[in-house]
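Because the structure is predicted, anything quoted here is derived from the model rather than measured. So that the names make sense, note that chain A is the first sequence line, chain B the second, and so on, each numbered from 1. No hydrogens, no waters, no symmetry mates; every other heavy atom, side chains included, goes into these values.
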Amino acid sequence: MRFFRRSKTFDHGIYPIEHKELTADKPIRRMPFAPELVIPLSQHKGKPAEPLVRVGQEVVRGEPIARADGFVSVPMHAPATGVVRAIGLAPSAEGPKVQAIYLKVYHAASQQVLYDMERDPERMAPDEIIAAVQESGLVGLGGGAFPSHVKMKPPAGRVIETLLVNGCECEPYLTCDHRIMLEHTDALIRGIRMALRATGAKRAIIGVEDNKLDAVAHLRARIPRHLPITAEAVRTKYPQGAEKMLIKSLLGLEVPAGGLTSDVGVAVFNVGTLAQIGDLLPKSRGLIERVVTVSGPAVANPGNFMVPIGTPLRFLLEQVGLRGEPGEVILGGPMMGMAVSSLDVPVTKAVSGVVALEPENPDLARRKVHPCIKCGECLNACPISLNPSMLGELALAREYGIMAEQFHLDQCFECGCCAYVCPSNIPLTQYFRIAKSLNRDKG
Amino acid sequence: MAELPNTQETLTPDTFLRGLWEENPVFVMLLGMCPVLAVTSTTMNALAMGLATTFVLVCSSLLVSLLRNWIPKQVRIASYIVIIATFVTIVDYSIQAISLELYAALGAFIQLIVANCVILGRAEAYASKQRLTTTFVNSLGMGAGFTLALLALGTVREILGNGTILGIHLFSPDFQPWVVMILPPGGFFVLGAWLLLFNWLRLRKERKQAEQIGVTAHAR
Amino acid sequence: MHAEPLSLIFLNAAIVNNFVLALFLGICPFLGVSGKRETAWNMGLATMFVMLVSSAAAFGINWLLTELDLLFLRLICYIAVIASAVQLVEMFVKRFSPALFRSLGIFLPLITTNCAILGLALFQTAKEYDFVQSLVYALGAGTGFTLALMLMAGLREKLALARVPSVSQGAAMSLMLAGLLSLAFMGFAGLGGGHG
Amino acid sequence: MATILTAVGFMAALGLILASMLVVANKRLYVYEDPRIDQVEDLLPKANCGACGTAGCRPFAEMLVNGEVEPGKCTANSKSMNQIIADFLGVDVGGGEQRVARLACAGGGNVAYVRATYSGIPSCRAAALVSGGGRGCSWGCLGFGDCEQVCDFGAIYMNPQGIPVVIEDKCTACGDCVTVCPKDLFSLHLASHRLWVACKNLEFGDQAEHHCEVACTACGRCAQDSPEGLIRIEDNLAIIDYAKNDIASKVAIERCPTGAILWLQQDGTVVKGRDARKVVRKGALPVA
Amino acid sequence: MEAQNQSRPAAATPTWAMLRTLGGIALLSGLLVALVYQVTLPIIAENQRVLTEKAVFRVLPQASLKRDFVLTKQGGLAPVGEGVDGEHVYGGYDAAGNLVGVAFTGVAVGYAGPIRVMFAYDPECRCLNGSKVLSSNETPGFGDKLDFDPEFLKNFEALDARLDAEGRALANPIVTVKHGTKNQPWEIDGISGATISSKAMGRAANAAAQRAVPAIERDLAWLKQQH
Amino acid sequence: MAKGIEIRTSPHLKRVMSVERIMRTVVLALLPICAFAVYQFGLSALLLLLTTTGVSILTEWFFSRRSGQGNTVSNWSVVITGLLLGLTLPPGFPLWMAAVAAFVGVGLGKSLFGGLGYNVMNPALVGRAFVQAAFPVAITTWTPAFAPGRFGELIPSTLTLPFMQPIPVDAWVAGLNMDAWTGATPLAIQKFQHIETPIADVFSGMVAGSAGETSAILILICGLWLAWQKMLDIRIPLSVLAGAVMVALPLWLMDSATYPSPWFVLCSGGLMLAAWFMASDMVASPVTARGAILYGLFIGALTVVIRLFGGLSEGVMYAVLLGNAVGPLISSWTQPRVYGVTRKSADKRDAA
Ligand SMILES: Cc1cc2nc3c(=O)[nH]c(=O)nc-3n(C[C@H](O)[C@H](O)[C@H](O)COP(=O)(O)O)c2cc1C
Ligand SMILES: Cc1cc2nc3c(=O)[nH]c(=O)nc-3n(C[C@H](O)[C@H](O)[C@H](O)COP(=O)(O)O)c2cc1C
Ligand SMILES: Cc1cc2nc3c(=O)[nH]c(=O)nc-3n(C[C@H](O)[C@H](O)[C@H](O)COP(=O)(O)O)c2cc1C
Ligand SMILES: Cc1cc2nc3c(=O)[nH]c(=O)nc-3n(C[C@H](O)[C@H](O)[C@H](O)CO)c2cc1C
Ligand code: SF4
Ligand code: SF4
Ligand code: SF4
Ligand code: SF4
Ligand code: FES
């Protein structure tokens with residue numbers, strides 16, 4: 001069968017409506033500065049950064065304002081020139097309030113980045129590149145927000161053979177990676193070369209879903225012949241962009257349960273991450289802005305924007321205009337993204353998209369939840385081949401231990417495919433989150 | 001080291017009544033199910049089986065209680081079983097002497113009284129610890145409870161499955177019997193239905209009680 | 001009847017006249033230990049083992065009693081020997097394989113007072129099976145018992161997660177399930193019998 | 001007659017053979033297991049709640065018989081039952097003072113603001129995972145009653161404002177509510193701890209009050225009024241040092257402006273300070 | 001753990017008590033059962049006789065006396081007595097001592113297990129002229145018909161059981177045919193809706209008749225004298 | 001009142017499919033089969049279908065009320081149960097017995113265990129099996145198809161008084177003067193007389209039998225349409241049919257005089273209807289993909305075994321029920337292999 005398929009892919013998965021046409025051909029535009037930026041000290045997985053500034057201190061755009069606290073941590077840089085109004089609690093997308101630096105932006109000041117120091121990455125040793133990546137404050141921009149430099153250094157005994165560049169962007173609505181591949185092609189290629197050197201990988205494959213064949217063609221045209229970099233189209237299917245799926249699709253390998261991608265000799269980076277590396281490292285700058293797709297049925301003028309880190313959502317949405325009251329505002333895509341409980345939440349390094357849905361989301365509201373009718377749709381959708389039907393029943397009976405011990409709950413990466421297909425409308429993924437969270441708490 | 005609290009029971013009406021309801025061997029303890037299901041396709045069989053079982057139950061309990069201080073616990077099961085089997089054999093031959101037709105209808109289940117969990121269970125749990133009088137009354141109660149349960153099944157199954165009770169036709173000759181009731185599934189269904197009924201009554205009572213003391217049990 | 005082929009004896013005991021669902025033997029353990037597949041399986045194996053042992057023992061005793069012309073003692077002897085044998089096996093297992101005891105042994109005392117075992121001994125005598133036929137019959141009966149137990153356990157495990165109304169929870173539901181299984185097993189009636 | 005004699009003889013022989021087999025078996029195959037374990041297990045509540053710190057009642061019974069723990073460790077059992085076990089084993093009951101679960105929040109729907117409408121599984125754990133659950137105070141109780149449902153002893157009920165209330169007499173301190181609450185609002189305390197701060201909000205002053213009318217604003221009055229060291233303000237929250245519980249008195253609560261600090265009474269009722277703003281609203285606050 | 005175990009009392013095995021108790025109980029039990037057996041034996045035998053007699057008289061209504069015979073290995077009949085083994089055949093005689101018919105049993109597997117039937121043979125018409133089901137597991141509602149369905153019982157008013165020329169077997173084996181298609185005297189008209197049971201009935205009749213009728217016919221003269 | 005911003009868990013999108021929609025589509029697919037049943041057997045079949053469906057709905061309504069689940073009739077699943085039950089009964093089946101079947105099927109087969117999604121066996125077939133065991137004579141009384149005047153008069157047994165034995169139909173059938181009618185279905189004729197009804201007849205439905213089982217082609221079309229609509233797992237019907245052929249083909253090749261041809265096996269009796277509409281009921285079949293195939297093969301094979309070697313001429317009902325009974329076991333033995341979990345790594349985890 002595989003032989004007849006157009007593009008490579010993995011088993012199971014789903015085909016949600018994409019809605020990408022809203023923004024796919026909107027070039028990246030610059031978002032103005034909000035009057036006040038809120039920069040949480042923990043925008044990444046790992047230890048929060050430690051502030052380097054005092055209240056009342058003036059900072060210049062690009063200046064480090066917090067430093068990394070350990071290896072699995074990254075520094076923060078001032079996204080704008082202004083003054084530190086306060087250091088205190090700020091709302092976060094996850095819910096709990098977190099420490100953040102409130103930065104009052106000087107509107108009159110020049111917003112040129114002055115923290116520039118040209119260097120030639122081609123001459124840097126791998127370890128130097130890794131250190132430079134940490135200094136730049138880069139984290140995975142694909143949504144994981146895991147510090148990128150950590151991923152470049154595989155654990156002892158593991159060798160990275162292949163670098164996968166994740167340009168799938170399988171979430172509906174989102175197009176920022178697509179735009180990056182088209183508009184920041186050179187930076188991307190530069191970034192890939194640096195990552196290749198840093199990781200010691202022998203080749204890089206850019207995986208792009210086949211709904212973005214223009215990007216594939218564009219990349220193929222721009223990649224210099226001599227480089228071991230290829231661009232490959234993969235089937236447009238959610239969650240093609242999940243690293244485990246991409247590895248399966250492109251390399252036919254499976255990351256062992258509980259293991260890392262480096263166990264199969266692979267490191268996966270988002271195209272945005274690598275484009276930033278290509279941009280920032282030669283100038284030894286820090287990450288102060290990122291490309292964000294702002295879209296969704298409640299948005300009047302959807303588009304792709306270069307947004308300063310720390311911009312509150314309220315400001316962002318004002319800029320694009322809303323059609324009436326928004327219902328849900330989601331950070332990331334609608335399949336995996338988080339709804340926020342307050343528009344004061346800022347855009348962080350992890351935010352690849354802001355999707356505003358209309359009130360009473362017609363996909364969800366007022367649909368009755370029935371008991372599981374054992375239709376098996378979820379089994380056919382789960383890319384990990386779990387048994388969500390059984391897991392759901394167990395969750396309902398609060399058998400969380402059994403879920404983990406016998407039904408591999410820990411393997412679930414909460415992609416939401418099962419909940420998407422379930423005709424009984426059972427919030428399966430949410431049950432699994434509860435179960436995992438309780439299991440964690442019980443230790 | 002102190003002993004556990006003394007568990008010798010004093011004789012009260014409850015000693016007898018318990019077996020009928022609270023500790024009914026069939027409906028509550030789910031013991032001795034095989035004859036309950038197998039020989040209750042008619043009321044007559046149910047009654048005969050109930051009486052036979054009661055006889056064995058009472059006799060063997062008495063003997064066990066009598067001998068309770070002489071039977072070392074290492075051989076207690078074997079001893080009880082032999083005692084029970086003796087009485088069963090006696091019943092077996094007596095029924096053959098009374099009526100071979102009845103004997104044919106009860107089939108192997110007369111002999112299987114030996115393995116009826118109620119009897120050994122009572123010997124172990126009660127007779128081996130209690131005095132003769134209480135044992136007698138209690139086993140009589142248990143036997144009565146067992147017979148009651150058998151009759152509860154037997155009458156329903158006979159009426160529905162055959163249109164008769166004790167062989168007497170109840171309905172017009174055109175009555176359509178529900179054959180399933182005298183087949184194996186029918187046994188399960190009728191017993192299940194009785195238990196459903198009891199459950200329902202119990203739940204209703206509990207709800208009423210809860211309402212009386214003003215606590216509304218919240219739904220989980 | 002004597003020339004009944006072994007395969008038919010097995011099939012008959014295991015399925016067509018399933019001890020639990022068609023003959024009503026061994027109902028107590030069937031209802032009692034069919035809550036989980038694992039215990040059901042262990043119980044089934046333990047029962048099958050005891051059936052084989054008691055089938056052989058019963059065959060021997062029957063022979064002896066026939067020789068002595070004491071057939072009226074059959075029942076007492078069967079049950080006494082079976083009970084003692086089970087007790088011995090239990091002690092043996094407990095002593096030499098605590099692991100096995102934990103999975104199988106705890107069921108052994110339960111089995112002593114199980115109609116299916118005694119029923120097997122009585123039926124094999126009534127059907128006048130020879131030694132090999134008796135063993136095959138025991139094997140079939142044990143298989144059928146295990147099958148019934150496993151089916152029931154599968155269904156009950158499924159229902160353990162169901163939203164069963166409070167009236168039908170517990171024994172009532174088990175009995176209705178057993179009834180449904182028994183209803184389904186009626187489809188096997190007449191299988192292997194001579195027709196046409 | 002001959003039949004009777006053979007029968008008697010045969011049976012006697014059989015009985016003797018079986019008995020001797022059992023005798024041999026008992027001598028050779030005997031495995032000792034303390035019979036008291038079963039007896040003690042029968043006396044335990046069989047709730048398998050784990051409050052005693054073991055995996056369940058059976059292991060606890062084993063430890064009891066081995067003299068490794070005291071019966072009083074089982075908080076789910078009744079006192080008299082534990083006494084029976086203690087007498088049976090000839091040991092002390094032990095156990096010490098009763099502990100109960102205490103809730104560090106008083107923000108029911110009538111005083112705490114909701115900022116976003118959560119829809120989904122009605123469970124605190126679920127809601128907490130969706131951007132914290134939509135309450136203004138990100139530390140506060142979500143009111144879906146996971147704690148009520150997890151309590152096997154029926155010791156928690158949800159009051160009309162959606163705040164769990166612990167019935168001290170029923171609480172066995174099994175700790176299930178402590179684990180289940182996604183906001184970590186429950187903790188186990190000695191029943192004698194009567195002075196209590198029912199708030200976990202780490203914000204200061206108006207910011208805290210902006211989300212909840214009964215929040216601790218960290219004004220520090222309670223600390224000032226009470227004896228030195230009993231109460232301190234840490235991370236914008238009043239903290240009671242229960243090592244000094246002996247000197248705790250109602251003085252501490254009198255001037256609290258929001259009533260975040262309370263005096264819990266034996267009978268389960270709660271006393272608020274004189275200056276605490278009176279809460280008159282019964283219904284829920286509007287969403288905003 | 002080891003040390004603890006040893007300090008515990010070793011299992012006391014009350015050897016004598018065990019032997020005494022079990023032996024004693026077994027002995028008593030043997031005695032009791034043997035006594036009861038002795039007492040009931042004759043009653044049970046009598047019951048058995050009465051039961052068979054009832055069945056025989058049911059299929060041979062004119063008979064008032066029954067005598068038991070045994071089918072010998074040689075293919076003849078012999079009176080019941082010590083040392084003769086074999087299937088029983090019952091001769092029915094009227095008050096005057098005339099042979100009114102012979103009854104014998106047949107077995108065949110029906111829908112759910114064996115069906116045992118007693119048949120009556122009338123040497124005058126050389127046909128089967130009576131049947132009674134002794135035991136069957138047939139489904140109630142189906143099985144009853146074999147014994148009570150008047151239409152079906154008509155089959156056994158004169159079911160041809162003539163022997164062939166050699167006198168060793170039936171000239172025409174008895175068979176059951178589909179309901180409504182009977183057109184030979186040796187055919188049984190099946191019950192619609194209970195074909196399986198009625199076929200079993202046919203097989204039982206055929207098998208029994210094939211065995212018994214040749215013997216009866218051989219020793220008919222002798223049989224007639226045995227009142 | 002402003003509701004403020006809404007928060008939900010991801011995924012924030014959902015497929016349009018829903019239980020109601022699936023069930024409604026199945027009802028739609030059953031309607032042509034019902035129509036053919038009425039065309040073939042007349043008013044009696046119509047009344048039969050109305051009775052089973054009506055009583056099923058009432059039963060569901062009653063029990064869902066009582067158990068506090070709210071009204072579950074609106075999810076349409078019980079309509080399927082009712083229709084399918086009616087389709088599997090003989091056309092002249094007394095209505096009161098049909099009502100018993102529907103009540104038992106829905107009450108005992110479904111509501112008792114918690115309603116939709118929790119029934120362990122197919123409710124329609126539980127109802128049928130119950131009446132088959134309770135009223136074995138009535139349920140094996142067949143009447144001819146295309147009786148003249150079938151739209152004007154009822155089969156006499158249809159209106160039997162409750163709790164009474166069915167009114168005999170022999171006289172009525174005789175009065176119809178239908179020469180070819182033998183009072184048996186093709187299956188019975190094959191089983192007991194080894195005469196095969198022409199394939200064309202069983203395929204098109206020009207034969208007697210249960211109300212809705214006769215036309216294999218119509219059932220096939222409706223089933224395929226349903227599969228095309230993605231409302232049923234086509235693996236199950238296909239493997240049921242494959243299982244039947246697997247047993248029937250070798251036997252037929254060995255002895256075509258005694259054993260029916262695979263074509264006849266597929267097209268006769270209730271196999272087609274059961275394969276497409278009853279075995280495929282997802283609630284009582286294994287959820288796993290491999291499990292579904294095993295389950296189907298089991299049902300198909302068992303059907304033929306019961307038909308050819310058992311006491312009944314049709315075994316598909318019992319085969320499906322037994323398939324339902326082994327379903328949970330099959331399901332647990334065929335759990336899918338989880339991504340990244342190999343046998344070795346699973347063992348290691350268990351050991352740890
Ligand atoms: C369900 C799921 C879907 C994902 N989809 C994408 C995606 O479309 N694009 C992407 O870059 N990363 C996606 N990710 C994250 C990737 O798995 C991986 O973490 C990321 O590509 C690594 O790159 P980064 O660290 O540079 O972000 C997804 C993850 C999951 C679990
Ligand atoms: C539960 C059940 C029990 C049955 N029991 C019998 C029976 O005891 N005897 C019998 O001949 N047929 C019995 N049958 C019917 C047969 O399966 C079969 O349909 C019938 O014998 C065929 O006869 P016909 O061809 O005359 O219709 C039973 C059917 C069912 C469903
Ligand atoms: C889905 C379905 C299942 C059926 N199951 C059975 C069955 O298990 N047993 C049965 O006798 N008839 C069943 N029937 C009816 C038969 O197909 C057939 O008409 C009848 O059994 C043949 O008659 P007989 O058993 O009386 O000979 C079923 C019909 C359908 C549509
Ligand atoms: C393809 C398909 C087949 C179905 N078959 C049946 C059936 O045979 N019997 C039935 O009662 N319900 C059937 N249903 C409906 C539904 O699943 C049934 O009511 C549930 O079994 C009740 O829990 C079917 C539904 C679908 C989608
Ligand atoms: S959320 Fe988990 S269980 Fe559901 S499809 Fe995704 S990985 Fe599978
Ligand atoms: S998709 Fe939903 S209804 Fe279907 S099996 Fe999975 S959980 Fe059950
Ligand atoms: S205390 Fe915790 S678990 Fe209880 S209702 Fe409040 S948030 Fe939920
Ligand atoms: S007085 Fe009240 S508000 Fe002030 S610090 Fe103490 S508890 Fe908090
Ligand atoms: S009565 Fe048969 S096992 Fe209990």
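In this structure, the portion of Ser389(A) lying under 4.5 Å from any heavy atom of chain F is its side chain and not its backbone. The part of Leu253(A) that comes within reach of chain F is its backbone (N, CA, C, O), which places non-hydrogen atoms under 4.5 angstrom from that chain. Looking at Asp263(A), neither its backbone nor its side chain comes within 4.5 Å of chain F, counting heavy atoms on both sides. Within the 4.5 angstrom heavy-atom criterion, only side-chain atoms of Thr429(A), from C-beta onward, approach chain F. Contact of Ser74(F) with chain A is made through the side chain alone, with heavy-atom distances under 4.5 Å. For Met336(A), the part sitting under 4.5 Å from any heavy atom of chain F is the backbone (N, CA, C, O) and nothing else. At a 4.5 Å heavy-atom cutoff, the contact between Pro256(A) and chain F is made by backbone and side-chain atoms alike. For a residue to count as touching a neighbouring chain, one of its non-hydrogen atoms must lie under 4.5 Å from one of that chain's; by this rule Ile330(A) touches chain F with the side chain only. Contacts of Thr288(F) with chain A are made by both backbone and side-chain atoms, with heavy-atom separations under 4.5 Å.
Using modelled atom types, one side-chain atom of Lys14(F) and one backbone atom of Ala419(A) make a donor-acceptor pair closer than 3.5 Å. A side-chain donor-acceptor contact under 3.5 Å links Lys374(A) to the backbone of Gly117(F). Looking only at distances, a side-chain donor or acceptor of Glu328(A) sits under 3.5 Å from a matching main-chain atom of Arg8(F).
Taking all atoms of both residues into account, the shortest heavy-atom contact from Arg367(A) to Ser18(F) is NH2-CB, 4.4 Å. Leu386(A) approaches Pro336(F) most closely through the heavy-atom pair O-CG, 4.1 Å. A pairwise comparison of heavy atoms in Met282(F) and Ile373(A) identifies CG-O, 3.1 Å as the closest pair. Of all heavy-atom pairs between Val421(A) and Arg15(F), the closest is O-NH2, 2.6 Å. Considering every non-hydrogen atom in both Glu6(F) and Pro359(A), the closest pair reads OE2-CA, 3.5 Å. Residues Leu13(F) and Pro172(A) share a closest heavy-atom pair of CD1-CG, 3.8 Å.
Side-chain atoms of Met390(A) and Val287(F), non-hydrogen and from C-beta on, never get closer than 4.5 Å to each other. Using a 4.5 Å heavy-atom threshold, the side chains of Ser385(A) and Arg337(F) count as separate.
Taking Cys417(A), Cys422(A), Pro16(A), Gly258(A) one by one and counting their heavy-atom pairs under 4.5 Å with chain F, the maximum is reached by Cys422(A).
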Exercise. Stepwise, does the side-chain contact (heavy atoms from CB on, under 4.5 Å) test hold for Tyr420(A) with Met17(F)?
Worked result: CA-CA 10 Å; Tyr420(A) 175 82; Met17(F) 191 65 75; over 6 Å; no

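Annotation for Phe413(A): atom CZ counts as buried by contact number, over 12 foreign heavy atoms lying within 6.0 Å. Around atom CG of Leu31(F), more than 12 heavy atoms belonging to other residues, nucleotides or ligands sit under 6.0 Å away.
Ile22(F) CD1 to His370(A) NE2: the interatomic distance, rounded to the nearest 0.5 Å, is 9.5 Å. Expressed to the nearest 0.5 Å, how far SG of Cys375(A) lies from CG of Leu232(F) amounts to 12.0 Å. Rounding to the nearest 0.5 Å places OH of Tyr339(F) at 15.0 Å from NE2 of His408(A). To the nearest 0.5 Å, atoms CE (Met338(A)) and CD1 (Ile7(F)) are separated by 12.0 Å.
A salt bridge is absent between Lys368(A) and Glu20(F); no separation between the charged side-chain nitrogens and carboxylate oxygens falls under 4.0 Å.
In this model, a donor atom of one side chain and an acceptor atom of the other lie less than 3.5 Å apart for Thr9(F) and Arg433(A).
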